[in-house]
**Student:** 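Pasting a structure below so you can have a look.
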Amino acid sequence: MADTTEANTVEEAARAAAQQWLQHVDSGAWSTAWNDAAPLLREDMTAEQWESRGAQARRILGPLRSRRLIRAQQRDSVRQASRSGPFVLLRYRSTFRAGLYVETILTARTDDAWTVASYEVAPIAAAGTQDSTAPRP
């Protein structure tokens, strides 16, 4: 029972951090989202690239209409990171003006807080698969 309770607490903390971070992304506060992100995300591109790619992706997607968590999975390691976890992978089924998408967020525990380490958006194709050509801020 303790393991389940601990797992739920970890997932809840990671989800809360992701939700707060997504509010910045949804409102176009790109520099705040950048500053609040984990080093793993910031190592992937410059702040200017992040802001440019994010704004471009959101112009294509249009405004967010709905977002629902469809999966939360704890991991000790991920291929993107050279260090070990803990990590929590979150997947959301999201509706934008442009259609249905899956938002995938990797959260990482850094110091004493959960932060977003990776963010990807992919359309949900008619057959239920994801298109790898989707915008990625």
Side-chain angles (χ1 to χ4, degrees):
M1 183 71 153
D3 288 340
T4 302
T5 302
E6 183 178 335
N8 289 341
T9 302
V10 166
E11 286 179 10
E12 287 171 12
R15 194 168 54 235
Q19 291 290 0
Q20 182 177 8
W21 187 85
L22 281 167
Q23 288 177 357
H24 300 311
V25 171
D26 293 340
S27 69
W30 301 108
S31 62
T32 303
W34 173 263
N35 291 329
D36 290 353
L40 183 61
L41 187 144
R42 294 191 310 255
E43 291 168 1
D44 205 25
M45 65 187 85
T46 67
E48 293 77 19
Q49 289 171 322
W50 164 256
E51 187 165 342
S52 174
R53 291 177 187 178
Q56 179 182 8
R58 284 303 175 107
R59 276 192 300 277
I60 293 167
L61 295 172
L64 176 71
R65 295 186 175 158
S66 67
R67 176 181 287 132
R68 180 176 54 89
L69 181 68
I70 56 175
R71 184 173 189 183
Q73 181 183 29
Q74 291 187 46
R75 296 185 174 183
D76 292 327
S77 64
V78 293
R79 71 178 186 285
Q80 302 99 309
S82 58
R83 67 172 187 86
S84 60
F87 300 98
V88 176
L89 182 68
L90 302 164
R91 288 216 168 118
Y92 295 88
R93 180 184 172 108
S94 303
T95 304
F96 294 90
R97 182 185 61 224
L100 291 173
Y101 288 78
V102 172
E103 291 179 286
T104 303
I105 299 173
L106 179 67
T107 58
R109 178 92 175 157
T110 54
D111 299 322
D112 291 331
W114 285 93
T115 56
V116 172
S118 174
Y119 175 63
E120 295 183 15
V121 182
I124 298 175
T129 59
Q130 295 178 20
D131 179 358
S132 63
T133 63
R136 181 179 182 264

**Student:** Residues in salt bridge (Lys or Arg N to Asp or Glu O under 4.0 Å) with R71, at least two apart?
**Tutor:** none

**Student:** With the side chain counted from C-beta on, respond yes when E51 and W34 share a heavy-atom pair under 4.5 Å apart, and no when they do not.
**Tutor:** no

**Student:** Should we say atom CZ of R93 is surrounded by more than 12 heavy atoms from elsewhere, each under 6.0 Å from it?
**Tutor:** no

**Student:** Kindly give the heavy-atom pair with the smallest separation between A18 and V116, and that separation in Å.
**Tutor:** CA-CG2, 4.1 Å

**Student:** With a 4.5 Å heavy-atom cut-off, do Y92 and V102 have their side chains touching?
**Tutor:** no

**Student:** Do L90 and I70 belong together in a cluster built from hydrophobic side chains that touch within less than 4.5 Å?
**Tutor:** no

**Student:** Atom CZ of R65 and atom OG of S94: how far apart are they, to the nearest 0.5 Å?
**Tutor:** 13.0 Å

**Student:** Measuring from L64:CG to D26:CG, what's the distance to the nearest 0.5 Å?
**Tutor:** 5.0 Å

**Student:** Can you name the nearest heavy-atom pair linking R97 to R59, along with the distance?
**Tutor:** NH2-O, 3.7 Å

**Student:** In plain terms, say whether R67 and E103 are close enough for a salt bridge, that is, a side-chain N and a carboxylate O under 4.0 Å apart.
**Tutor:** yes

**Student:** What's the shortest heavy-atom distance between A98 and I60, and which atoms?
**Tutor:** CB-O, 3.5 Å

**Student:** Rounded to the nearest 0.5 Å, what separation is found between the CG atom of L106 and the OH atom of Y119?
**Tutor:** 14.0 Å

**Student:** Roughly how far, to the nearest 0.5 Å, is the CZ atom of F96 from the OH atom of Y101?
**Tutor:** 8.5 Å

**Student:** Taking the side chain as everything from C-beta on, heavy atoms only, tell me whether L69 gets closer than 4.5 Å to R91.
**Tutor:** no

**Student:** Is any side-chain heavy atom of W21 closer than 4.5 Å to a side-chain heavy atom of T115?
**Tutor:** no

**Student:** Heavy-atom distance under 4.5 Å between the side chains of S31 and W50, does that happen here?
**Tutor:** no

**Student:** So which heavy atom on A117 is nearest to which on A108, and how close?
**Tutor:** CB-CB, 4.1 Å

**Student:** Within a strict 4.5 Å, meaning less than it, do heavy atoms of the I105 and V88 side chains meet?
**Tutor:** no

**Student:** Given R58 and L61, is the side chain to side chain contact (heavy atoms under 4.5 Å, CB included) satisfied, shown in steps?
**Tutor:** CA-CA 5 Å; R58 284 303 175 107; L61 295 172; 4.1 Å; yes

**Student:** Are any side-chain N or O atoms of S27 and backbone N or O atoms of H24, one a donor and one an acceptor, separated by less than 3.5 Å?
**Tutor:** yes

**Student:** So does T46 get a backbone contact from the side chain of Q49, meaning a donor-acceptor N/O pair under 3.5 Å?
**Tutor:** yes

**Student:** Supply the atom-to-atom distance D36 CG to Q23 CD, rounded to the nearest 0.5 angstrom.
**Tutor:** 11.0 Å

